[in-house]
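Working notes, structure below.
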Amino acid sequence: MSGRTPPPRFTAAPYLASKSPSAGVVRLDTNEGSTPDPALLRRLAEADVQVIRAYPSTRRLEQLLAERLGVAPDQVVVTNGADVALDRACRAWLAPGRELLVAEPTFEMFYRFAEMTGATLVGVPWVDRFPLDGLLSRVTPSTGVIAIVSPNNPTGLVCSGSELRRIAEAAPHSVVLLDHVYVEYADEDLTALALKLPNVIVVRTLSKAWGLAGCRVGYAVADPAATAVIRSAGDPFPVAGPSLFLAEARVSAGAGALVHHVGQVRRERDDLLQRFGAWACPCPPSQGNFVFPLVGPEAAGIRSALAAEGLLVRHFADRPGLAEHLRITLPGNQATYDRLAQALERLLGRIGGTP
Ligand SMILES: Cc1ncc(COP(=O)(O)O)c(C=O)c1O
């Protein structure tokens, strides 16, 4: 790079998931969801060639998603994954001198969004109960965005409807971004309530329970004035035609397969939470498709031992306060779950949990 090139605005982050797993290896480190019926993919072969020739329109998918949620189509904006909906909102409502308020630990992209927009990240600890008072005490006239990830990544903890309302009403000058990408696994869907609050934007995805992370389809749902801003904060053709074709087919087919998948994940989650209790590893009561046990100082070794058995789980070595935890995606598949439970039993039963 020449000496005149200005330095980048934000620090480079390593790419996650840079390698495809080899045969027999199961990725339980990326919180992907159900596996769609392969027949879905075969439908692409019958698609009209315009799916690849023409610039793709998100309108039909927005209509389908709006019908599912019982809202008007102009209240839904489809983006290139939920990540991009969050990014657009942060770019629209944050700038140098403004604050992004989060409850920590949380989804790591928010640190990048703060850095890229030049905003100041203000973090409030979220250990068990949702930190309503802590967040309210940090709202200032400079708060541009309050990000609430519920179920939260990596803990799986949730915010209640009344807590969401209190925050939205206490900060009418801010946008409350409700990251609801794991909501299908949770007990309560806050979307309908959120839509009654004019400053809340709900961000959802087809990457998790719907099983289409490879298609990169997320969406924001909000008051039409807010969706108009999100729409104009990005490019007009955000998702590739084949991805939209597959997403439309998946959503039109209904949520039957999704309900089955969510039921399996919940059974695995209940069972694993009980096991972590028996192994003396504290584990938050997750409502996502993952659990976040405190396994102790041997966390990196346990991660490596699981990897040696072909089970990849997430260890946050570089994140302050998280290095003794693992985040384990629930496979949603009985055979894989049994393999995981047996491997953990061998490792954590032997170690006897945290000191
Ligand atoms: C909390 C949270 N928000 C957003 C995303 C991004 O989802 P998408 O695949 O739709 O971009 C993820 C992905 O893991 C996530 O955990």
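When a residue number appears, it is its place in the shown sequence, counting from 1. Whatever order the structure lists ligands and atoms in, that order sets their numbers, starting from 1.
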So Phe113 and Leu177, side-chain contact (heavy atoms from CB on, under 4.5 Å) or not? Walk me through it.
CA-CA 13 Å; Phe113 297 145; Leu177 259 187; over 6 Å; no
Check the pair Asp87 / Arg91 against salt bridge (charged side-chain N to carboxylate O under 4.0 Å, His left out), numbers first and verdict last.
CA-CA 6 Å; Asp87 174 53; Arg91 281 190 293 102; 3.3 Å; yes
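Under 4.0 Å from ligand 1, not a single heavy atom of Met109 appears. Of the heavy atoms in Ala82, both backbone and side-chain atoms come closer than 4.0 Å to ligand 1. By the criterion of a heavy-atom distance under 4.0 Å, both the backbone and the side chain of Asp83 are placed next to ligand 1.
Of all protein heavy atoms, the one closest to atom 11 (O) of ligand 1 is Arg216 NH2, 2.7 Å. Here the heavy atom of the protein found nearest to atom 12 (C) of ligand 1 is Phe107 CZ, 3.4 Å. Closest protein heavy atom to atom 16 (O) of ligand 1: Tyr182 OH, 2.6 Å.
Distances between N or O atoms of Thr205 and those of ligand 1 include at least one value under 3.5 Å. Where the criterion is an N or O separation shorter than 3.5 Å, residue side chain and backbone included, Asp179 meets it with respect to ligand 1.
Of the listed residues (Arg346, Arg339, Arg303), just one forms a salt bridge (Lys or Arg N to Asp or Glu O under 4.0 Å) with Glu309, and that residue is Arg346.
Ion pair Asp271/Arg275 flagged as a salt bridge, since at least one NZ, NE, NH1 or NH2 atom sits closer than 4.0 Å to an Asp/Glu carboxylate oxygen. Salt-bridge formation is detected for the pair Glu108/Arg314: a Lys NZ or Arg NE/NH1/NH2 atom is positioned less than 4.0 Å from an Asp or Glu carboxylate oxygen. A salt bridge is defined here as a Lys NZ or Arg NE, NH1 or NH2 lying under 4.0 Å from an Asp or Glu carboxylate O, and Arg138 with Glu99 fails to meet this definition. Taking 4.0 Å as the cut-off between side-chain N and carboxylate O, Arg204 and Asp189 count as a salt-bridged pair.
Against a heavy-atom cut-off of under 4.0 Å, Ser207 is close to the following atoms of ligand 1: 8 (P), 9 (O), 10 (O). For ligand 1, the atoms closer than 4.0 angstrom to any heavy atom of Val149 are 1 (C).
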